[in-house]
Amino acid sequence: MTELAHPDRLAKVAAIRESGEDPYPARGVASTPVAEIIAGAGSADDPGPLLGEKVTVAGRLLGLRDFGKLIFAPLLDRTGRIQTGLQKNRLGDWWPRRKWLDGGDLVAVTGELGHTQKGEVTVWASEVQLLAKAVAPPPEKWHGLTDKEARYRRRYVDLWASEGVRDVFVKRSRILACIRRYLDGEGYLEVETPTLHPIMGGATARPFTTHHNALDMDFYLRIAPELYLKRLIVGGLERVFEIARNFRNEGISVRHNPEFTMLELYEAQADYRRMMELTEGMLEMLCREVNGGTRTTFRGQEYELAAPYPRLAYADLFREHNGCDFDDQSAVRARAKELEIRDAGNYWKLMNDVFEATVEDHLSGPAFVIDYPVQICPLAKAKPDDPRLAERFELFIAGMELGNAFTELNDPAEQQRRFEDQVADKDPETPGEVDLDYVQALEFGMPPTGGLGIGIDRLVMVLTNQDSIRDVLLFPAMRPHRADGEHGAPDGAEA
RNA sequence: GGGCGCGUAGCUCAGUCGGUAGAGCAACUGGCUUUUAACCAGUAGGUCGUAGGUUCAAUCCCUACCGCGCUCACCA
């Protein structure tokens, strides 16, 4: 037991056992979802089909309002909240056992469905069954959990004690279901590719490393599924997607979690223009699904997600905000100095840093930034009519990068050259060796292909108006609260 | 990793310009059969994040550490 287990409640557990009842019975009870009961109750003036019927609800008691011979107790299940009324004259022999109940307990209540004098739908209990005793007290009923640390560490409490929290995660689930439905409708196959990668690739990021004992070799946790998914395009699956957990060993912030979810999809015979249309179509549909319309509010600002979104050329944006062309090296270097951006030696990285510093925050969006300099797109095909640029776009909403897509490079020799350039960089965020197996896959021929990645967590943030990525992750990354592990408590019980 | 801020009862928060702490809710006892942040009376509950330092005396001042939040950097 941890220090959260309350002595009074533990004493009740003992008393329940002594009476021969089980405070933690093995079986639940058949019950009707609360939302169904509320809907079936109607009002006092306009009775529904369930009014006056005997019903059973099961869920968590959120509190007890004790009037002596009458107790009102709101009960919460996954579908909603309903009031139960416990009366002495309806409960007979059971009545003395009401003293064993506390707020937070899990119970099943059976009784006649009716209304109170004030008109609130109420289950008038004729039978109460304890399903599981809560020995830790719930948080304060009015404020709920407001301390963010406590909320993230004890999400299992936050989900029922804090208003609106469960709703965000229900929406997240619906968004994922909706994506799957949409892509299924487009003829896509959902696939799963390795999380343990022998060679990092598909993005630039610092990886986590781990070790396989039997093989006695190190693996990287994937930073992107990209190269495996494109192997499947070579394999002829033609339309594939993966909702992939990626891992990047970088900072944690309001927009970054070390593990995060990306939708990546690849479509043969498509290019980045098709990917833009797919992105717009999907976002508009997702917004309708969770917000009932094409607008969403995020960080106090409203965004219109109906397609189409403006296409803004990288080169134009760069010139607008910096007064020089992106490939005017001396001018860009001067501009970087002005902005106090440190020069690590790689011109194109520096140039893109300047772009990010001067342009991205101003992109309210939704908008596609298109046609990136080819040097910062090692996996994208160059534009046929301008080899300085790659057929790539990034999707921005609220200054936040939500998506990244390109017409995929399928020339094996060109791909190998670009990999070799990356390796030569010796940057910890780029691969240490060329993925020759991937090059070999391309040697067998990959059709012209469009690929797209969308950051699901950030998308959920925008669609559910949550400021922090932690608020759309059930269990955001946290330091363990008590590394010295005193006794019992696994987390910040005393915080 | 840098900067700023926070950590007091199970929860939400006061407070002490240095003299070892309070409220509301939750819990417990009693009263109340239509409340809904129910109400009334009473009881209990705290190594004031941890460890040092200064001091006659530290929850308060100082230092370090731990944890969290915001922010900057890196990235998605």
Side-chain angles (χ1 to χ4, degrees), chain A residues 2-12 62-74 81 83-90 99 102-104 114-120 122 124 134-154 157 161-162 203-206 223-224 246-262 340-342 344 349 352-353 356-357 360 394-396 400-404 427-429 453-459 461 467-470 476 478-484 486 491-495:
Chain A
T2 75
E3 59 268 36
L4 279 188
H6 195 285
D8 294 328
R9 290 174 183 245
L10 292 170
K12 288 178 186 182
L62 295 179
L64 299 165
R65 288 190 291 278
D66 189 344
F67 287 80
K69 296 184 180 63
L70 164 70
I71 301 169
F72 286 113
R81 175 201 276 243
Q83 176 164 275
T84 61
L86 280 54
Q87 291 167 299
K88 185 180 182 192
N89 58 8
R90 284 180 189 250
K99 295 285 181 191
D102 290 298
H115 290 97
T116 60
Q117 289 172 1
K118 296 270 170 68
E120 174 151 358
T122 299
W124 296 108
V135 294
E140 201 241 14
K141 63 187 171 189
W142 185 241
H143 298 90
L145 272 184
T146 61
D147 179 62
K148 288 191 176 198
E149 178 179 356
R151 290 190 41 216
Y152 300 145
R153 289 189 190 282
R154 288 210 275 275
V157 174
S162 307
T204 49
R206 287 172 190 267
I223 56 173
N246 293 339
F247 303 84
R248 299 192 183 174
N249 205 341
E250 287 163 353
I252 293 176
S253 82
V254 76
R255 293 188 286 289
H256 300 87
N257 196 67
E259 49 182 304
F260 65 102
T261 303
M262 279 264 284
E340 296 178 340
I341 294 169
R342 65 189 165 80
K349 191 173 182 335
N352 197 44
D353 287 347
E356 287 178 2
E360 288 193 356
E394 290 195 355
L395 168 69
F396 286 88
M400 208 161 57
E401 185 187 336
L402 282 192
N404 186 18
D427 186 311
E429 293 185 4
I454 290 183
I456 295 298
D457 312 287
R458 290 181 177 181
L459 178 62
M461 286 168 68
D467 288 352
S468 170
I469 196 168
R470 294 186 187 95
M478 291 249 169
R479 278 199 171 82
H481 198 268
R482 223 194 248 175
D484 61 352
E486 238 174 82
D491 56 25
E494 82 290 6

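For the pair A/L145 CG and B/C68 C1', the interatomic distance rounds to 14 Å; values are reported in whole Å. The nearest whole Å value for the distance from the NE2 atom in A/H143 to the P atom in B/A14 is 11 Å. Going from atom CZ of A/R255 over to atom C1' of B/C74 covers 11 Å, rounded to whole Å. Here the P atom of nucleotide B/G10 and the CG atom of A/D147 are 14 Å apart, to the nearest Å.
Taking the C1' atom of each, B/U59 and B/A76 are spaced 43 Å apart, rounded to whole Å. Nucleotides B/U47 and B/C11 place their P atoms 12 Å apart, quoted to the nearest Å. Of the C1' atoms belonging to B/G69 and B/C61, the separation is 25 Å, rounded to the nearest Å. Here, B/A44 and B/G2 have their C1' atoms 47 Å apart, quoted to the whole Å. The separation of B/G22 from B/U54, taken at their C1' atoms, amounts to 28 Å, rounded to a whole angstrom. Using atom P as the reference point in both B/C70 and B/C65, the two lie 22 Å apart (nearest Å). Spacing between B/C6 and B/U43 at atom P, rounded to whole Å, works out to 35 Å. Nucleotides B/G46 and B/A9 have their C1' atoms positioned 6 Å apart, rounded to a whole Å.
Between A/L70 and A/W124 there is a side-chain heavy-atom pair separated by less than 4.5 Å. Residues A/T204 and A/K349 have side chains not in contact (no heavy-atom distance under 4.5 Å, counting atoms from C-beta outward). Residues A/E401 and A/R458 meet the side-chain proximity criterion, which asks for heavy atoms closer than 4.5 Å.
Taking side-chain N and O atoms only, A/R153 has no distance below 4.0 Å to OP1 or OP2 of B/G67. Distances shorter than 4.0 Å separate some side-chain N or O of A/R470 from OP1 or OP2 on B/G69.
Residue A/M478 has its side chain nearest to B/G69 when only B/C11, B/A76, B/G69 are considered.
Heavy atoms from other residues, nucleotides or ligands lying under 6.0 Å from CZ of A/R81 number 12 at most.
Heavy atoms of A/L402 sit nowhere under 4.0 angstrom from any nucleic acid atom.
The structure places CZ of A/R65 at 12.0 Å from CG of A/L86, a figure rounded to the nearest 0.5 Å.
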Sugar-phosphate means primed atoms, P, OP1 and OP2; the rest is base. With that split, encode nucleotides 26-36 of chain B 5' to 3' as B, S or - using protein heavy atoms under 4.0 Å. SSS---BBBBB
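Summarising the base pairing, B/G1 is matched to B/C72 through a Watson-Crick or G-U wobble pair whose two defining distances lie under 3.5 Å.
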